[in-house]
Structure formats: structure tokens, C-alpha cells
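Chain A is the first sequence line, chain B the second, and so forth, proteins listed ahead of strands; every chain is numbered from 1.
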Number of protein chains: 2
Amino acid sequence: MRQEKRERHTKILTALSGASSVRVAELARQFGVSTETIRRDFDELTRGGQLSRTYGGAVRTLDSRHHGEAERQSILLAERQRIAKATVDEVADARILLIGCGATAVQVARQVAARLKDITVVTHSFAVAAAVGVNHLVEVMMIPGLYHPAKASTTGGHAIVFLQSLYADYVILGASGVTQDGPGDSLPEIAAVNTAMMSRAARCVIAADQSKFNLSSSTRYADWPQVSTFVTDAAPPAELQKTLESNRVKLLVA
Amino acid sequence: MRQEKRERHTKILTALSGASSVRVAELARQFGVSTETIRRDFDELTRGGQLSRTYGGAVRTLDSRHHGEAERQSILLAERQRIAKATVDEVADARILLIGCGATAVQVARQVAARLKDITVVTHSFAVAAAVGVNHLVEVMMIPGLYHPAKASTTGGHAIVFLQSLYADYVILGASGVTQDGPGDSLPEIAAVNTAMMSRAARCVIAADQSKFNLSSSTRYADWPQVSTFVTDAAPPAELQKTLESNRVKLLVA
DNA sequence: TGAAAATTGTGGAAATTCCAACAATTGCAT
DNA sequence: ATGCAATTGTTGGAATTTCCACAATTTTCA
């Protein structure tokens with residue numbers, strides 16, 4: 001049965017929520033499958049961003065709930081905040097704002113909550129909704145869809161259909177990789193929603209820190225001609241910068 | 001020098017806060033010491049409870065504070081869990097399940113994630129979505145709408161319109177008050193969504209602990225004839241029990 | 001200073017994991 | 001039914017880790 005693989009996957013995740021790490025050999029014995037199968041399961045779940053491998057096993061990827069993540073992100077927190085401020089400056093005249101998901105998007109959401117009012121924010125990210133929600137002068141609209149655990153956001157057909165029926169002044173999106181071809185996300189489901197968002201907004205702002213430069217291990221969700229502004233925290237590589245210019249993308253280095 | 005060991009220990013912990021796992025060989029190379037030394041460092045830090053070993057490396061021990069937080073959410077946790085278990089028993093044959101918001105609903109969501117599969121859960125609560133989302137065999141559909149900060153859930157016209165277009169086998173709702181007139185919620189926006197949910201499900205299960213009995217400071221969102229089952233943790237007052245009987249509401253005391 | 005204690009390095013055998021290629025099996029569609 | 005694609009098992013060799021005993025070095029303190 002094809003179902004068995006998915007069952008194993010959830011069992012792995014379940015085991016991982018009860019222990020800080022699991023081992024290939026242990027799970028293979030426990031599930032009655034070969035170690036290679038577990039190894040392959042790990043590969044898939046790694047691609048999905050749900051766990052990360054160790055030698056001989058795997059550990060849960062730290063989601064936002066975990067303390068360590070906050071610490072890890074705090075390394076880039078200052079950069080993200082600078083990026084977020086510049087981004088919000090750029091869209092300060094918006095009345096309807098689409099915001100994607102990701103750590104940078106959350107910082108943008110915080111800035112929006114702190115500085116804007118009389119505005120409607122539409123998002124598919126739980127974290128963004130919660131961050132903007134603290135300001136009662138900002139209306140937050142949640143996009144429907146299938147819940148995506150790795151990113152705590154909604155995806156899929158419902159999300160895309162919902163987006164078709166609305167208009168926004170700006171869309172602000174993060175990226176897990178930015179190449180000369182365009183910005184991308186590691187998860188195809190998220191990339192699809194991003195694409196749909198872009199089609200509904202008059203202008204598009206991409207916000208990503210320098211660590212994303214030339215990271216292509218991701219699904220591209222837009223081409224540069226569709227992007228109005230790219231906000232980052234350091235000068236991009238020459239070729240990328242050239243591509244931006246030739247596509248008339250406004251570059252903001254915060 | 002004795003200092004070097006402690007330095008290494010802090011460096012190990014630092015490295016561990018920047019990555020989800022570290023490897024013996026890697027650290028040995030990085031610190032310029034033998035792998036045995038790193039191994040012994042790991043042993044000590046493990047005894048101190050600061051990390052836990054994996055084959056070939058180590059990971060940070062999960063912060064028990066985080067787990068405790070959700071548990072500490074209420075003294076009524078045990079009761080809520082009993083109620084949740086009985087509730088899930090009641091809807092175990094469902095293929096599409098609507099779940100409302102609130103602390104009890106979250107416990108139900110946990111039970112669903114732990115025990116059911118091949119099912120679709122539709123909800124407007126962030127917490128419920130996150131709780132069910134850990135099980136990848138359960139599809140979680142998020143309802144759109146205006147974000148309601150107090151309950152971390154969606155409300156309003158978009159939510160209600162969205163609900164009109166779907167069908168569910170069961171709807172499970174909490175309540176902030178349960179009177180002879182019916183279950184109610186303290187927030188009108190939530191009550192409206194609850195009402196809409198009820199109209200789309202074949203059967204309705206209300207789950208509420210005894211502290212909600214005869215609490216009428218709320219907006220009633222349903223009449224008893226619409227309710228199939230009422231799950232609670234103690235025998236309700238005589239009059240309420242009588243009302244349930246006369247409306248053929250199945251009473252479950254967990 | 002000198003000896004005990006703590007710390008670290010070394011070396012080799014045993015156990016474990018990884019990887020890649022290939023075979024067997026299962027589910028699904030034409 | 002037949003063929004294709006996806007999933008899983010198997011195998012063997014290379015690479016890595018572990019474990020243990022013992023030696024070398026440094027620290028402590030009497």
C-alpha cells in the first residue's frame with residue numbers, strides 16, 4: 001500500500017516529537033522495514049523541511065515554537081529588522097497589503113503593526129496574522145487553504161482561488177533563494193501561493209537577506225520583470241545586480 | 001589549563017544554538033582537539049542535561065519549559081483531555097470534521113491527530129490547525145476570514161461564506177456557556193461562525209466542562225434540537241439534564 | 001618540589017552507518 | 001492481463017564512529 005509510507009512519515013515525526021533525536025537503525029527495527037527505507041524517508045522529510053539529518057539518525061527541525069530557533073534567527077534579526085523597516089517604508093501608502101510567509105515576512109508584519117493604520121493585511125501565514133493582529137487598527141484577513149505544518153501557513157487550491165477574487169496595492173514576499181532567474185521558495189506549495197499573490201497585486205516587493213543570494217535549491221515563483229522592488233541588506237553579486245537593473249527592479253539595500 | 005575545557009563546553013553549546021545538531025568529527029577538527037576529547041565533553045554535558053547524544057554527534061535537549069507551558073494552560077487539563085477522548089470516540093467514523101475554537105477544541109484536535117487518519121479537519125482556529133497538523137495523514141483546511149486576536153481564529157463574512165460551500169459529517173464545538181437555551185460563546189463573532197458551522201454538518205457535538213453549566217453571559221449560537229451529543233465531565237444540573245433529554249441530545253459524561 | 005589527580009592524545013579492533021547499484025515487489029493505468 | 005512507475009529490500013565495500021586500554025601531558029596541592 002502506498003499509504004504505508006505516509007504512515008511511516010507521521011510515525012517518524014511523532015517519534016521525533018517525543019525525543020530530541022531518532023536513529024535510523026532503531027526506527028527500522030521498530031517499524032519492521034530496512035534501514036534504507038528509513039533513510040529514504042528521512043531524505044523526503046528533509047526535503048519537506050520537517051526534519052534534518054544527523055549521522056545515523058535525524059532531529060526535528062526547530063520550528064518557531066522552539067527556543068533555539070529564536071536564538072538562531074536572532075543572529076540575522078537585526079538585518080531582518082532593517083530589511084523590514086525599509087520594506088514598510090516602501091509600501092507605506094498601501095491600503096490593501098498582501099504578505100507571504102517566512103521569518104522576514106514576520107518582521108515586516110511587526111513593522112506594519114507598529115507603524116501603519118487603516119489598512120487591510122491579507123496573509124496565509126499564521127505568524128504574520130498573529131504579529132499584525134496586535135494592532136487593532138489594522139484588519140487582518142486570513143487566506144483559506146490546506147495547513148502546511150513546516151511553514152504554519154495555508155496552501156493549495158482554496159488559497160489560490162480565494163486570491164483570485166481580491167486586489168491589493170502591494171504584495172510583500174520573502175524568499176528562500178534569490179537567483180538571476182528570480183526569487184524562489186524551497187517548498188513548491190508555498191511557491192504556488194506566492195505566484196498567485198503576485199498576480200493580484202499592483203506592485204511586488206521581495207525582501208530577502210544576503211544569505212539568500214544565488215541560492216537556487218528552490219522553486220522559482222516569479223520572474224524579475226514582475227518584481228517592482230527588491231529589499232535586502234547587502235549589495236548583491238554583480239551579475240544579479242545587473243539582472244535587476246535590466247529588468248528595472250528597484251534595489252534597496254537597508 | 002583547566003579553562004580550556006569550559007571554553008570548549010560553551011563553544012559546543014554555542015555551536016548547538018546555531019545548528020540543530022553538531023558532529024564529533026567536525027568539532028574536533030574545528031577546535032583542534034581529538035575526537036575523544038569532544039566525546040568526553042559530550043558525556044559531561046549530557047550528564048549536566050545540556051545536550052543529548054546522537055550517533056556521531058549531539059543535539060540540544062528540548063526545552064521542557066515549552067512543553068510545560070501548554071500543559072499549564074489550565075488546571076482543567078485532565079478534565080478537558082477526558083472530554084476530548086470521549087468526543088473523538090463519538091466522531092471516529094467521520095471523514096470530514098469541523099472543529100471550532102477554544103481550549104477544549106484544542107484538546108480534541110490533539111486527540112484527532114493522535115488517533116485518526118484519512119480524514120479532513122476544517123477549522124477556523126490557529127491552535128487547532130497547528131495541533132492537528134502534526135499528523136500528516138490528516139488534511140487540515142483553514143477557514144478564511146478576519147483574524148480575531150483574542151481567540152486566534154478567523155471570523156466574519158468570508159468565513160461564513162466559505163462554510164456555505166462545504167459539507168461535514170460532524171462539527172465539534174466548545175462553549176463559553178451552556179444553558180437550557182443552548183450553548184453560547186462570549187464573542188458574537190465566534191458565535192456567528194459556530195452557527196454557520198452547525199448548519200453545514202450532519203451531526204453536532206458540543207464539548208464543555210462542568211464550569212460552563214448555566215453560564216449565560218454569552219451569545220447563544222445554537223438551540224438544543226440542533227445538537228446531537230453533549231460531552232462533559234460531570235453530571236449537569238437536573239433541569240439542564242431534563243432539557244437535554246427532551247431534545248434527544250445524547251449526554252456523555254467522561 | 002614531588003606526587004596524585006585530572007585532562008588529553010593515540011592506536012586498533014569492533015560496530016555502525018553510508019552509498020550506490022540492482023533485484024523484488026506492489027500499486028496503478030492503459 | 002500487461003507494462004510502467006513507485007516503493008522497498010538486498011548486498012557489499014568504503015567511510016565513520018565507538019569503545020577501551022594505556023601513555024603523555026598538564027594541573028593541583030600537600
Side-chain angles (χ1 to χ4, degrees), chain A residues 1-16 18-61 146 150 156 186-189 192 217 219, chain B residues 1-16 18-61 95 117-120 135-139:
Chain A
M1 299 180 199
R2 190 169 259 72
Q3 205 64 354
E4 282 176 6
K5 185 164 76 157
R6 301 181 62 183
E7 267 186 58
R8 262 198 332 270
H9 286 192
T10 51
K11 279 202 272 187
I12 290 172
L13 264 358
T14 306
L16 219 35
S20 47
S21 66
V22 292
R23 288 185 55 165
V24 173
E26 169 69 14
L27 291 183
R29 192 183 55 70
Q30 205 169 316
F31 298 166
V33 297
S34 75
T35 60
E36 285 306 304
T37 299
I38 299 294
R39 223 182 292 285
R40 286 187 268 246
D41 288 339
F42 282 177
D43 282 347
E44 273 189 63
L45 291 168
T46 299
R47 268 192 294 279
Q50 332 223 17
L51 56 78
S52 64
R53 293 245 27 206
T54 66
Y55 194 94
V59 297
R60 188 179 50 202
T61 52
L146 291 179
S186 56
L187 301 171
E189 299 93 326
S217 57
T219 309
Chain B
M1 302 171 205
R2 180 185 217 81
Q3 206 62 357
E4 283 180 3
K5 186 163 76 159
R6 308 189 73 183
E7 268 186 53
R8 257 196 338 264
H9 285 194
T10 56
K11 278 202 274 186
I12 290 172
L13 265 355
T14 307
L16 217 35
S20 49
S21 65
V22 292
R23 288 185 58 164
V24 173
E26 170 68 14
L27 291 183
R29 193 183 54 71
Q30 205 169 315
F31 298 166
V33 297
S34 74
T35 61
E36 283 305 301
T37 299
I38 299 294
R39 219 182 296 286
R40 286 187 269 246
D41 287 339
F42 281 178
D43 283 346
E44 270 190 65
L45 291 168
T46 299
R47 267 193 295 279
Q50 328 217 37
L51 55 77
S52 64
R53 295 253 15 215
T54 65
Y55 194 96
V59 298
R60 188 182 39 245
T61 51
R95 296 193 49 244
K117 61 176 184 175
D118 300 327
I119 186 177
T120 299
N135 183 343
H136 287 249
L137 293 180
V138 177
E139 224 173 47

Just so I know, are the side chains of A:Arg60 and A:Leu51 near enough to count as touching, which here means a heavy-atom distance under 4.5 Å?
no
Report the residue (A:Thr35 or B:Arg40) whose heavy-atom-nearest nucleotide on DNA chain D is the more 5′ of the two.
A:Thr35
Spacing between A:Ile38 atom CD1 and D:dT8 atom C1', to the nearest angstrom
11 Å
Heavy-atom side-chain contact between B:Asp118 and B:Arg95 under 4.5 Å:
no
A:Arg53 CZ to C:dT16 C1', straight-line distance once rounded to whole Å
13 Å
For B:Val33 and B:Tyr55, find the nucleotide of DNA chain C closest to each by heavy atoms; which residue's nucleotide sits nearer the 5' end?
B:Val33
How many whole angstroms separate atom CZ of B:Arg29 from atom P of C:dG9?
16 Å
Please name the residue in the list B:Val22, B:Leu27, B:Asp43 that meets the side chain to side chain contact (heavy atoms under 4.5 Å, CB included) test with B:Ile38.
B:Leu27
B:Arg23, nearest nucleotide to its side chain (from D:dT17, D:dT8, C:dT16):
D:dT17
Toward the 5' end of DNA chain C, by each residue's nearest nucleotide, B:Gly32 or A:Val24:
B:Gly32
So does B:Arg8 get a side-chain nitrogen or oxygen closer than 4.0 Å to the phosphate oxygens (OP1/OP2) of C:dT8?
yes
Taking atom P of C:dT16 as reference, at what distance in whole Å does atom CD of A:Glu26 sit?
12 Å
Side chain proximity check, B:Ile12 to B:Phe42, heavy atoms < 4.5 angstrom
yes
Less than 4.0 angstrom between a side-chain N/O of B:Ser34 and OP1 or OP2 of C:dG9, yes or no?
yes
Gap between atoms CZ and C1', on A:Phe31 and D:dG9 respectively (whole Å)
17 Å
Starting from P on C:dA20, measure out to CG on A:Asp43 and report it in whole angstrom.
10 Å
Let me know the distance between NE2 of A:His9 and C1' of D:dT7, rounded to the nearest Å.
11 Å
Closest to side chain of A:Thr37, choosing from D:dG9, C:dT17, C:dT8
D:dG9
Any donor-acceptor pair under 3.5 Å linking the side-chain atoms of B:Ser52 with those of A:Ser20?
yes
Consider the side chain of A:Glu36, meaning its heavy atoms from C-beta on, and name the nucleotide among D:dC19, C:dT16, C:dA20 that approaches it most closely.
C:dA20
